[in-house]
Amino acid sequence: MHIPDFELERYFARWEFAAPYLLCASDVEGWRMADLLALATPEDRARWDNLTLGYTETPGLPALREAIAGMYPGLTPDDILTFAGAQEALFVAMNVQLGPGTHAVVTWPGYQSLYEVARATGAEVTLLPLREDTGWALDLDTLKAALRPDTRVVVVNFPHNPTGALPDRATFQALCALCEARGIQLFSDEVYRLLEYDPQDTLPPAASCFPRGVSLGVMSKAFGLAGLRVGWLASRDADLLARCRAFKDYTSLCNSAPSELLALIALKAKEQVLARSRGLLTANLALLDAFFARHADTFHWVRPRAGSVAFPRLVRELPVARFTEALIAREGVLLLPGDVYGFPGAHFRLGLGRANLPEALGRLERFVRDGGVEALG
């Protein structure tokens with residue numbers, strides 16, 4: 001397999017642990033171990049204290065799969081397969097479904113793995129652009145025009161990284177109906193699901209909509225537990241999951257026993273965990289709304305509808321990497337330039353989920369107020 005460097009990860013490898021303020025992180029503030037364990041039931045606390053560090057079951061801890069299945073109407077634990085993070089689940093699913101002579105349509109801009117892993121299998125990939133001037137809306141007519149007789153998979157990501165876009169329920173259901181009618185797998189990256197700002201906007205998971213719908217989930221984003229490295233595929237396509245399970249024998253084989261149990265503890269306290277995440281997003285989004293209103297002459301702000309990221313743009317058509325590098329140098333604040341998505345223009349990804357956003361945003365405001373953007377020419 002030949003696959004390009006993962007530009008986002010190479011960028012983070014350089015800056016993530018060097019910059020004091022990550023104003024572009026896609027996850028929600030991580031839980032402290034002690035705080036998470038405090039949520040455990042007496043039974044699960046006893047399981048934790050007596051945990052044996054041996055191999056685990058390849059599909060995942062049965063109790064964990066049961067808890068995950070509970071988030072997908074109509075699914076059972078047999079419809080869940082766990083992985084070492086969403087990245088492994090994505091890698092396995094693309095390799096199982098695609099190869100030479102097949103075609104995939106993938107929304108863009110987006111997480112690079114969603115299209116590069118597909119390409120690396122030998123499949124042809126058509127990128128489906130989301131446009132800022134439509135509020136990053138999903139255009140079903142454009143999607144339909146991109147489909148071919150050899151289209152095997154349509155890949156979408158909603159709530160969307162990096163824009164925070166979210167289609168309405170009617171559009172998403174029409175997407176599911178289109179894929180079902182064409183016999184196409186809908187691979188739905190839903191790692192930011194349950195972070196909708198209005199709960200009424202929450203879309204049904206693809207896995208619950210039709211048998212060839214596949215939902216990708218993870219503990220990293222909405223649950224603030226990126227360090228667990230626990231992700232999953234949910235689908236009623238038993239053949240697909242069986243092939244993914246066989247492929248997993250060549251990747252992680254099985255998950256970390258402590259991570260699975262900690263994920264179970266979090267899912268049993270799901271409402272409390274999600275309330276913490278949503279509270280952070282609500283407070284931070286209010287600060288960002290006010291910031292971008294004050295600096296409308298410098299930034300264009302399409303307000304996200306869900307999730308923990310947004311994709312603002314410099315009003316001036318400057319090389320966005322110059323802006324982000326100057327901000328790191330002067331204020332220690334890290335933003336993610338849109339260049340890492342291969343996306344044109346002066347967009348940058350901004351993260352909404354970290355507890356120190358107020359301080360980081362204050363430093364960005366000082367940079368703008370002191371002429372940092374104008375000084376770039």
Side-chain angles (χ1 to χ4, degrees), residues 1 3 6 8-9 26-27 30 53-72 75-98 104 106 110-118 120-121 153 155-157 161 185-194 205-207 212-267 270:
M1 173 180 284
I3 192 166
F6 201 131
L8 182 150
E9 292 302 331
S26 62
D27 59 335
L53 299 178
Y55 289 115
T56 62
E57 297 184 41
T58 295
L61 180 70
L64 175 59
R65 289 190 291 121
E66 182 177 3
I68 293 170
M71 296 188 288
Y72 297 89
L75 271 65
T76 73
D78 289 340
D79 300 319
I80 308 298
L81 181 60
T82 67
F83 292 89
Q87 181 77 288
E88 184 194 22
L90 166 63
F91 182 86
V92 169
M94 292 299 109
N95 274 278
V96 162
Q97 297 175 93
L98 296 170
V106 185
Y111 195 61
Q112 190 174 342
S113 293
L114 293 174
Y115 49 90
E116 291 295 5
V117 174
T121 70
V153 183
V155 181
V156 297
N157 163 219
N161 172 10
Q185 192 84 251
L186 177 61
F187 186 91
S188 182
D189 176 349
E190 297 168 0
V191 300
Y192 297 94
R193 188 171 181 272
L194 305 179
R212 292 182 63 79
V214 181
S215 295
L216 175 69
V218 78
M219 298 302 298
S220 303
K221 311 301 184 185
F223 297 98
L225 293 165
L228 296 188
R229 313 309 305 137
V230 172
W232 59 84
L233 294 175
S235 180
R236 288 177 284 164
D237 187 335
D239 177 66
L240 171 68
L241 291 187
R243 288 183 289 136
C244 287
R245 177 175 175 175
F247 196 103
K248 185 184 175 185
D249 290 343
Y250 288 96
T251 55
S252 66
L253 183 61
C254 66
N255 283 2
S256 155
S259 290
E260 288 195 327
L261 185 48
L262 291 169
L264 176 63
I265 290 168
L267 289 178
K270 178 167 65 78

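What's counted below: heavy atoms across the whole structure, side chains too, no hydrogens, waters or symmetry copies.
Rounding to the nearest 0.5 angstrom, the gap separating the CZ atom in Arg236 from the CG atom in Leu75 is 6.0 Å. Between the CZ atom in Phe247 and the CZ atom in Phe91 there is a gap of 5.0 Å [rounded to 0.5 Å]. A distance of 13.5 Å separates CZ in Arg65 from CG in Leu267, rounded to the nearest 0.5 Å. Leu64 contributes atom CG, which lies 5.5 Å from atom CD of Glu260 (distance to the nearest 0.5 angstrom). Taken from CZ in Arg212 to CZ in Phe187, the straight-line distance is 13.5 Å, to the nearest 0.5 Å. Atom CD1 of Ile68 and atom CD1 of Ile80 lie 6.0 Å apart (nearest 0.5 Å).
Formation of a donor-acceptor pair under 3.5 Å by the Glu190 side chain with backbone atoms of Ala206 is found in this model. Judged purely by atom type and a 3.5 angstrom limit, Glu88 uses its side chain to pair as donor or acceptor with the backbone of Ser252. Judged by distance alone, the side chain of Ser259 and the main-chain N or O of Leu228 form a donor-acceptor pair under 3.5 Å. With hydrogens and angles ignored, the 3.5 Å screen pairs no side-chain donor or acceptor of Lys248 with any backbone N or O of Val92. Between the side chain of Asp27 and the backbone N or O of Lys221, no donor-acceptor pair lies under 3.5 Å. A donor-acceptor contact shorter than 3.5 Å is absent between the side chain of Thr58 and the backbone of Cys254. Between the Asn157 side chain and the Asp189 main chain, a donor and an acceptor come within less than 3.5 Å of each other. When atom types are taken as modelled, the side chain of Ser188 and the backbone of Val214 share no donor-acceptor pair closer than 3.5 angstrom.
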**OP:** Step by step, work out the side-chain contact (heavy atoms from CB on, under 4.5 Å) result for Leu262 and Met219.
**Re:** CA-CA 10 Å; Leu262 291 169; Met219 298 302 298; over 6 Å; no
Subject >> Intermediate values then yes/no, side-chain contact (heavy atoms from CB on, under 4.5 Å), Ile3 and Val117 >> reply: CA-CA 7 Å; Ile3 192 166; Val117 174; 4.1 Å; yes
Original post:
Given Val155 and Tyr115, is the side-chain contact (heavy atoms from CB on, under 4.5 Å) satisfied, shown in steps?
Top reply: CA-CA 8 Å; Val155 181; Tyr115 49 90; over 6 Å; no
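In this structure the side chain of Pro62 reaches within 4.5 angstrom of the side chain of Glu57, judged on heavy atoms. Taking the side chain as every heavy atom from C-beta outward, Val96 and Leu240 approach each other to under 4.5 Å.
Of all heavy-atom pairs between Ala207 and Ala234, the closest is CB-O, 3.2 Å. Minimum heavy-atom separation, Tyr72 to Gly217: OH-CA, 4.4 Å. Heavy atoms only, all atoms of each residue included: Leu98 and Thr121 are closest at CB-OG1, 3.5 Å. The two atoms that bring Gln87 and Tyr111 nearest to each other are NE2-OH, 3.5 Å, heavy atoms only. Contact detail for Ala86 and Val191: the closest heavy-atom pair is CB-CG1, 4.1 Å. Ala222 and Arg193 get closest at one heavy-atom pair: CB-O, 3.7 Å.
With a 6.0 Å radius and a threshold of 12 heavy atoms from other residues, nucleotides or ligands, Glu66 has its CD atom at or below the threshold.
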